[in-house]
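What follows is a single structure, written as structure tokens, with notes after it.
Note that this is a predicted model, so its numbers are computed, not measured. Residue numbering restarts at 1 for every chain, and letters A, B, ... go by the order of the sequence lines.
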Number of protein chains: 2
Amino acid sequence: MDETQDSGSFPARLAKDKPVDRPISAATARLYDHWGAQQDRTNPFYTTFHYSPVTGIGRDDRVSVSRRDPSKVLKIGDLYHVWYTRRITSVPPVGMDRFEEADEQIPAVDWDLADICHATSSNGFDWVEQGVAVPRAPQGNYGDRSLSTPDILAWDGKFWLYYQCFTTRWRENDCVSVSAAWADSAWGPWTRVDRPVVMRGGRHEWDGCAIHDPFPLVYKGQIWLYYKGTPVDRPPENLRLAQGVAIADHPAGPFVKSPLNPVTNSGHETMLWPWRGGIAALLSLDGPEKNTVQFAADGLNFVPKAHVTMPPQAPGPFCPDAFADKGDGQGVRWGLAHINPEGGGGDKGCHLIRFDCNLCDAGRPEFQKSNILYHEGTWLQRVLALSPERKARILAQQAIVDRQTVLGP
Amino acid sequence: MDETQDSGSFPARLAKDKPVDRPISAATARLYDHWGAQQDRTNPFYTTFHYSPVTGIGRDDRVSVSRRDPSKVLKIGDLYHVWYTRRITSVPPVGMDRFEEADEQIPAVDWDLADICHATSSNGFDWVEQGVAVPRAPQGNYGDRSLSTPDILAWDGKFWLYYQCFTTRWRENDCVSVSAAWADSAWGPWTRVDRPVVMRGGRHEWDGCAIHDPFPLVYKGQIWLYYKGTPVDRPPENLRLAQGVAIADHPAGPFVKSPLNPVTNSGHETMLWPWRGGIAALLSLDGPEKNTVQFAADGLNFVPKAHVTMPPQAPGPFCPDAFADKGDGQGVRWGLAHINPEGGGGDKGCHLIRFDCNLCDAGRPEFQKSNILYHEGTWLQRVLALSPERKARILAQQAIVDRQTVLGP
């Protein structure tokens with residue numbers, strides 16, 4: 001066997017502190033300066049995600065039903081509670097590109113013509129849909145078009161649902177503010193506030209269009225409502241999407257936006273949770289720091305702490321200390337997310353699934369694997385397969401653009 | 001409609017230079033300091049990947065055939081050439097945990113009892129397998145067990161194949177050095193060097209076990225052979241895997257390892273290519289910087305430049321200037337990769353697929369999407385689904401560990 005002798009190259013066993021007696025590469029320096037010398041294995045911010053179907057609010061092939069954007073999951077007594085966007089229409093959405101064809105029966109997008117629905121479970125896998133918690137307002141009133149993407153706050157003995165609130169016909173660009181409803185019990189009845197509670201920004205500001213995916217936490221004695229913002233116009237020189245936070249002393253507002261907004265440069269439906277005195281966040285899908293777990297000791301200045309793969313879409317975490325404000329946040333072990341049976345752009349509505357994880361260091365060391373290798377159906381699914389149109393174009397072009405590596409016969 | 005006025009919050013239109021007249025968050029500062037203010041859209045290192053089945057060397061359901069770890073793709077005349085690991089055995093591998101059951105007919109792992117095989121294509125999608133290029137050595141000789149994970153170098157009128165070279169019975173821990181074979185033509189015949197060309201490191205060094213996935217480029221007038229290294233023992237305090245580089249003036253060596261090794265802290269089968277005077281790399285699957293495109297202006301000090309999703313596994317790029325050493329590397333538009341029909345840990349052998357991409361800025365602006373949403377089969381495949389065992393354990397534990405969010409009935 002070709003045994004070789006130690007020759008002074010970098011040791012297998014990593015020194016606790018950054019070596020100063022030898023040259024190291026930029027990559028090794030980052031291990032010590034940023035990631036932790038042990039790579040992912042001892043990084044509390046690293047986790048794998050594993051998924052389970054759920055009953056009651058899972059796959060539903062009726063035309064056209066969608067359940068999506070689950071709230072945080074609360075545990076009250078022996079029951080788990082979740083709220084989510086539910087649409088039941090006689091036809092599927094026409095899509096953002098054809099929004100002008102939408103009417104009072106025809107949805108523009110998956111979260112159009114929707115209400116806020118409620119479900120409960122005794123084990124987090126099997127759910128009972130309890131029906132609509134907050135319906136759209138009567139025709140002609142604020143919030144008559146669609147209520148979507150709810151999240152929940154418990155504050156001062158009351159429950160508050162925050163949601164995107166669409167009025168009148170669907171418009172281009174998905175522009176909307178956040179409204180709310182409150183109740184004395186998780187079972188309702190809910191009273192709509194019937195006005196915007198967190199307003200979208202001005203026309204030329206980063207959050208001038210969408211204020212999506214409200215995510216309230218209690219932090220430093222106040223209500224911190226994180227949200228996804230998008231500008232009205234989206235030429236390349238405009239920010240595409242990012243996350244901001246608005247802070248209030250009362251659930252009905254006024255909400256004051258942080259002067260540091262936006263506080264993330266990436267992510268889509270960002271999940272957040274209190275952790276060791278700060279706020280941790282799972283960013284996915286979009287932006288240069290997509291698919292990272294980040295941490296902000298002050299809730300505002302987020303730093304990437306781990307790269308993850310296959311994070312849940314639109315996750316709603318079971319986070320028992322979301323409102324405790326005790327500075328000892330213990331993390332997230334599971335929650336609900338949504339998927340579409342056909343993937344992005346599919347005609348079918350979304351449905352909910354459960355995710356399990358170990359964020360951060362939440363007592364599940366077996367959720368630490370990497371090198372996860374996907375099956376053939378993953379690589380060749382519609383959103384990843386090279387389309388026939390692109391293949392034809394590539395075949396036509398490559399005879400011209402593919403230069404020879406080596407000249408020869 | 002709830003129009004609001006501009007109120008002085010962060011503008012939609014991003015200033016070219018980092019704002020100095022207002023507070024910004026750490027995330028916004030990183031956009032300017034590191035990622036580029038335009039997020040992924042104008043980042044030359046960002047790409048999506050799209051996949052296509054191939055014929056001739058694609059899916060093969062015979063028991064037990066595996067084609068994996070494709071080399072770079074060369075274009076010579078009108079033909080594309082690729083080399084890869086091929087195993088044809090009468091039974092599937094027993095697996096790393098049961099390697100002691102392997103014998104001269106029974107493979108331990110997917111790349112055991114394999115030879116280096118050659119295929120050609122006129123369009124990169126449809127391939128003709130030309131047969132074994134470099135077979136294992138006769139029994140009792142160096143390299144009699146398995147040759148795997150080849151890559152190709154063209155140098156001074158000759159072709160060189162580098163590969164992992166296993167001798168005698170399979171051993172625990174996959175320890176191996178790199179050997180080589182040479183030919184005057186891409187069609188062979190190939191002459192084996194029959195000795196290690198790049199040696200694994202000493203027992204206590206970071207590359208003391210595996211020297212896997214050799215990847216030669218011509219750079220600064222020399223042969224730069226990047227490789228994946230792993231230590232012999234893998235307790236948590238040891239580096240798990242990383243990439244190093246060994247440099248030579250002649251393809252048969254001697255290869256001198258860089259004193260900066262390891263030069264990455266992440267990645268698995270890392271693909272590299274010359275780009276604007278430096279070396280770019282696609283790191284995937286493992287480590288804190290998994291799924292990033294990185295760049296090293298000096299070939300040694302790599303820095304993450306973009307986060308990507310679903311990068312190809314074990315990619316072999318078509319990279320026409322891999323050996324040109326002209327300092328104007330133009331990037332990678334396509335190549336071959338391997339997948340397993342069942343995903344990681346499946347019994348079936350791997351097969352090859354084609355990937356298309358735009359690395360870096362290689363004239364395919366349509367490969368820039370983000371927010372890619374996968375289909376149901378992705379989330380619930382075996383490697384991502386919560387296993388029945390874990391579900392049972394979680395059901396037993398959560399009644400105890402899941403605290404109430406809100407006290408109440």
Worksheet entry | N/O donor-acceptor pair under 3.5 Å between B:Arg200 side chain and B:Gly208 backbone | yes

Item to complete: Assess whether atom CG of A:Asp6 is packed by more than 12 heavy atoms of other residues, nucleotides or ligands within 6.0 Å.
Response: yes

Worksheet item: Charged N to carboxylate O below 4.0 Å: is that the case for B:Arg13 and A:Asp233?
Response: no

Worksheet item: Taking B:Thr378, B:Leu260, B:Leu384, B:Asn123 one by one, which has the highest count of heavy-atom pairs under 4.5 Å against chain A?
Response: B:Leu384

Worksheet entry | Choice from A:Gln330, A:Gln381, A:Lys391 maximising heavy atom contacts with chain B below 4.5 Å | A:Gln381

Worksheet item: OH of B:Tyr46 to NE2 of B:His307: how many Å apart, nearest 0.5 Å?
Response: 11.0 Å

Worksheet entry | NZ/NE/NH1/NH2 to OD/OE distance under 4.0 Å, B:Glu289 and A:Arg30 | yes

Worksheet item: If you draw a 6.0 Å radius around CZ in A:Arg22, do more than 12 non-hydrogen atoms from other residues or ligands fall strictly inside?
Response: yes

Worksheet item: Which bit of A:Phe10 comes within less than 4.5 Å of chain B, counting heavy atoms only: side chain, backbone, both or neither?
Response: both

Worksheet item: Of the backbone (N, CA, C, O) and the side chain (C-beta and beyond), which part of A:Glu342 lies under 4.5 Å from a heavy atom of chain B, both, or neither?
Response: backbone

Worksheet item: Under a 4.5 Å heavy-atom cut-off, does chain B meet the side chain of A:Thr292, its backbone, both or neither?
Response: side chain

Worksheet item: Side chain, backbone, both or neither: which part of A:Ala385 has an atom under 4.5 Å from a heavy atom of chain B?
Response: both

Worksheet item: Who among B:Arg240, B:Gln243, B:Lys305, B:Lys257 has the most heavy-atom pairs with chain A under 4.5 Å?
Response: B:Arg240

Fill in: Region of B:Glu366 in contact with chain A, defined by heavy-atom distances below 4.5 Å
both

